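Report on the structure given below.
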Amino acid sequence: MKINLKILTCSVATLLSSVAFAIIPQPESMKCGDGVFTVRPSTVITFNNEELRPLAAYMLDYFAVKKVAKQAPAENFISVELASGFKPDAYRLTVAEDGVRIVAGDYGGAFYGVQTLMQMMPSEIYTKRMKLPVKVATCEVEDAPQFAYRGFMLDVARTWVTTANVKRYIDWLAYHKINRLHWHLSDDQGWRIEIKSHRELTEQGGYRGGSSPVPPMYGKWHERYGGYYSQSEIREIVEYARVRNIEVIPEIDLPGHSWAFAAMHPEVVCNYEFDKSHLSGGLDTRDVFCATKESNYELLDEIFAEVCALFPSEYIHIGGDEVSLSQWKKCPDCSAYLKRNGYTDAHKLEDYFIERMAQILKKYGKRPAVWNEGINGGGLDKTTRVHGWSNMKDCRKVLEAGYPTIFMPAEYFYFDMRQSKYEVGSNWSNIFDVKHTYSFDFAEQGFSAEQVAKVEGFECAFWSEIALSQGGDRSTDYLEYMTFPRVCAVAELGWGKRGSDWDNFYARLSGDHYDRMSAMGINYRLMPPKVAYADGLLSASTDDNSTIYYRTEESARPVKYSRPVKCAKPGEYIFWSEYRNAHSPQAAHADHYKTIKPAFTLTSSIESGRKDGYKRIEEYRGRVTAARTCRNGDWFLFEFSEPVECREMEFVTGYTHIAHRIFPSGYLEVSYDGANFEKVDSLVDGCAKIIRPSKAVKAVRITSTTDRNSTHGVVINPPVVKPIL
Ligand code: ACM
Ligand code: ZN
């Protein structure tokens with residue numbers, strides 16, 4: 001920790017040029033003195049109100065002191081106190097030579113005063129093994145958040161996250177003054193909350209694949225995969241979060257995203273005969289609750305009675321996103337509802353569904369929150385909380401319509417998006433890193449102050465479709481890498497950037513905050529090294545304290561970088577950096593990423609879903625979908641017009657980097673003469689590679705060894721061919 005011993009009035013203006021305390025999120029004002037308070041094993045933690053007892057116990061866990069008392073001694077104390085005259089979550093932290101006082105109007109404010117104090121101490125405090133004595137600079141901090149809602153959404157439906165890991169996450173969010181966990185507990189691929197009156201929901205729907213009626217999807221294709229939270233675990237998590245000033249808001253995603261539910265309860269979908277002819281295995285892929293079946297509302301009432309009793313939050317998120325209107329349009333009952341009411345827009349059925357759910361929630365003392373599609377019917381009650389996610393335009397629509405808005409446009413706040421071009425992750429909304437998230441600015445986006453006043457706050461989201469295939473059994477490492485330090489940027493946006501710019505933030509982040517996150521145990525992402533090549537020398541540099549390593553493409557052995565590497569072919573080297581438990585993505589000279597596009601023809605045992613067959617892909621115009629799910633023995637054959645000399649060829653079934661519409665298992669064969677094939681690789685999550693082929697490649701065949709992939713198609717992409725350097 002850097003302690004500035006001069007009197008420093010760290011009001012907003014001075015903070016801009018000072019990173020003396022490197023606090024994230026940056027406090028509103030800080031005045032620093034020239035003395036110190038020493039925390040010793042004998043220091044007493046005190047509290048003036050029973051409400052703060054859990055906070056005192058929390059502090060005892062971290063501060064390495066031994067005693068908690070209701071009465072503050074004359075000196076050598078850290079006291080937390082409730083008093084009047086503070087806004088929600090606001091606090092005053094005074095570090096004097098004789099003791100530390102944290103005063104706030106509510107539990108949240110007191111908790112955040114403690115968090116700021118923790119950031120003024122050595123980072124080891126987060127390991128709970130800090131060695132005393134520790135000196136803290138005297139100071140006075142007056143602080144309050146700009147936005148009431150500072151949220152993180154965790155999708156535990158696609159990738160299962162254990163109770164222990166949810167708690168770890170809650171700790172990390174709390175250290176950053178994030179105060180909402182939006183918990184995405186159900187989706188097409190799983191139901192994760194125990195409902196005692198409907199045990200099948202978790203006992204069967206908590207798992208996919210194997211003996212479950214829910215088909216396998218997204219990784220772990222050949223085993224039963226999943227998990228669920230018992231009601232006692234949920235209560236434990238809610239309480240764990242409450243002590244850390246985090247409100248847990250559950251989401252049961254309805255009426256769409258309900259395939260897992262419908263697999264267990266086929267009676268909930270619309271009342272029409274589904275055409276299964278194009279699906280092997282006879283899967284019914286309907287995933288939307290019928291909006292007009294009275295029995296659905298009775299069933300959902302039983303379920304929500306239990307959901308509402310488990311969560312103290314005022315709001316329950318009921319989804320509303322990406323509803324396939326075509327299912328309602330085909331339904332005689334849903335169509336009749338539209339006709340009866342003189343509606344032509346099927347969105348009106350979503351208004352009806354949400355209104356019925358709102359009535360159920362009201363009975364249990366709750367209000368609904370929905371995704372932004374919920375406003376499309378035009379009839380959504382104006383008090384409904386709306387999460388704007390799809391893009392900036394849709395967020396603007398929500399704000400202009402006057403809803404209390406949670407702001408989370410995917411292009412800034414979806415942390416399942418990859419962080420640079422060649423990294424792992426989705427890319428449908430954007431490719432961005434922490435700097436981009438930090439750059440978000442309402443005024444720059446043309447929002448008026450009046451509109452911003454309707455914003456309850458920010459939320460970032462981690463959707464986990466890809467996490468399982470990226471991280472496997474260590475999928476939480478992937479989750480951490482994708483979310484930190486981007487969460488730090490959201491923490492500061494929500495708390496109020498107050499004029500801080502990227503340089504100021506990055507200095508705080510890559511300085512003390514990297515050490516803190518390491519001590520917290522987070523597998524966060526570092527910025528990639530910068531790579532340059534001149535005069536036959538390949539050099540790499542970073543602007544943090546990380547250590548750079550490199551390797552050649554052919555060797556997995558890392559070499560510590562100490563000076564520029566003399567080489568004729570800069571594309572052959574891969575660099576990255578590491579700092580304690582964090583690492584950067586790989587970085588390389590542009591030559592490394594160059595690809596070539598040899599001409600080929602593609603044929604398959606599966607008919608193409610397009611009139612022009614597989615032609616577009618031949619011309620490298622993108623992926624093509626084969627028109628049915630896969631069967632054991634199905635194949636794609638790439639035949640090159642000329643034998644291709646290359647150092648690598650990658651073949652991807654399914655969407656690039658998303659294990660969806662893939663051959664779930666299979667193998668890749670190469671032919672050097674166009675007639676004889678030899679097996680060179682097995683498919684992992686739909687992908688396989690030929691690395692350094694011994695001869696020029698004439699043809700490649702990919703063969704499926706799995707019957708069906710839980711979708712009605714297989715996607716095939718052009719090969720990615722890397723030339724010989
Ligand atoms: C969403 O990303 N479907 C809310
Ligand atoms: Zn219907």
Side-chain angles (χ1 to χ4, degrees), residues 151-158 182-189 249 251-259 261-262 265-274 284 286-297 299-300 317-341 343 346-354 356 368-376 385-392 394-395 397-398 405-417 425-430 459-467 658 660:
F152 179 86
M153 193 227 70
L154 183 61
D155 168 11
V156 294
R158 277 62 173 266
H182 169 175
W183 205 7
H184 188 78
L185 286 165
S186 79
D187 212 301
D188 290 323
Q189 293 78 23
I249 301 170
E251 179 186 355
I252 304 296
D253 200 350
L254 299 166
H257 283 268
S258 297
W259 195 29
F261 196 104
H265 284 277
E267 74 280 7
V268 301
V269 301
C270 282
N271 184 20
Y272 64 93
E273 205 52 51
F274 181 66
D284 187 337
R286 281 176 290 184
D287 61 353
V288 181
F289 273 67
C290 178
T292 56
K293 260 186 204 170
E294 226 18 66
S295 54
N296 280 355
Y297 297 107
L299 176 60
L300 289 168
H317 202 300
I318 55 167
D321 58 321
E322 300 177 313
V323 178
S324 156
L325 296 180
S326 66
Q327 294 176 37
W328 283 341
K329 285 183 196 160
K330 283 185 211 148
C331 172
D333 303 328
C334 288
S335 309
Y337 168 89
L338 292 175
K339 199 160 169 211
R340 210 164 47 242
N341 289 283
Y343 297 139
H347 285 110
K348 287 288 180 197
L349 282 157
E350 185 149 16
D351 280 354
Y352 177 69
F353 182 88
I354 294 172
R356 291 294 304 267
V370 297
W371 296 112
N372 57 231
E373 294 93 319
I375 75 166
N376 289 346
R385 174 185 277 169
V386 180
H387 291 238
W389 69 276
S390 320
N391 50 49
M392 197 65 72
D394 285 338
C395 291
K397 257 173 41 190
V398 174
T405 303
I406 306 301
F407 212 81
M408 50 188 308
E411 58 262 47
Y412 285 87
F413 297 104
Y414 267 29
F415 293 169
D416 43 318
M417 294 302 132
S426 294
N427 60 359
W428 62 261
S429 81
N430 201 0
E459 183 168 288
C460 48
F462 182 78
W463 297 97
S464 63
E465 291 96 324
I466 302 175
I658 307 181
H660 187 62

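Counting starts at 1 for both ligands and their atoms, in listed order. Just so it is clear, the structure is predicted and the values come from calculations on it, not from any experiment. Counting begins at 1 with the first residue of the sequence.
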- Task: Using the Zn ion (ligand 2) as the apex, give the angle to atoms SG (C270) and SG (C334), rounded to 10 degrees.
- Result: 110°

- Query: To the nearest 10°, how many degrees is the angle C290 SG to the Zn ion (ligand 2) to C331 SG?
  - Reply: 120°

- Do you know which of K348, E350, R356 makes side chain to side chain donor-acceptor pair (under 3.5 Å) with Y352? R356

- Query: Between the side chain of Y414 and the main-chain N/O of N427, is any donor-acceptor distance below 3.5 Å?
  - Reply: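 No.
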
- Task: Run through ligand 1 for me and note each protein residue having a heavy atom under 4.0 Å from it, chain first, then residue number.
- Result: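 Contacting ligand 1 under 4.0 Å are D321, E322, W371, W389, Y414, W463.
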
- Item | Charged N-O contact under 4.0 Å between K293 and D333 | no

- Item | Geometric class of the H184/W463 ring pair [parallel <30°, tilted 30-60°, perpendicular >60°] | perpendicular

- Task: May I ask you to decide if the ring planes of F261 and F289 are parallel, tilted or perpendicular, using 30° and 60° as cut-offs?
- Result: tilted

- Message: Under the criterion ring pair (Phe, Tyr, Trp, His ring centres under 6.0 Å), I'd like the reasoning laid out for W371 against H317: C-alpha separation, chi angles, the key distance, then a yes or no.
- Response: CA-CA 8 Å; W371 296 112; H317 202 300; 4.8 Å; yes

- Item | H182 and E459 side chains, donor-acceptor separation under 3.5 Å | yes

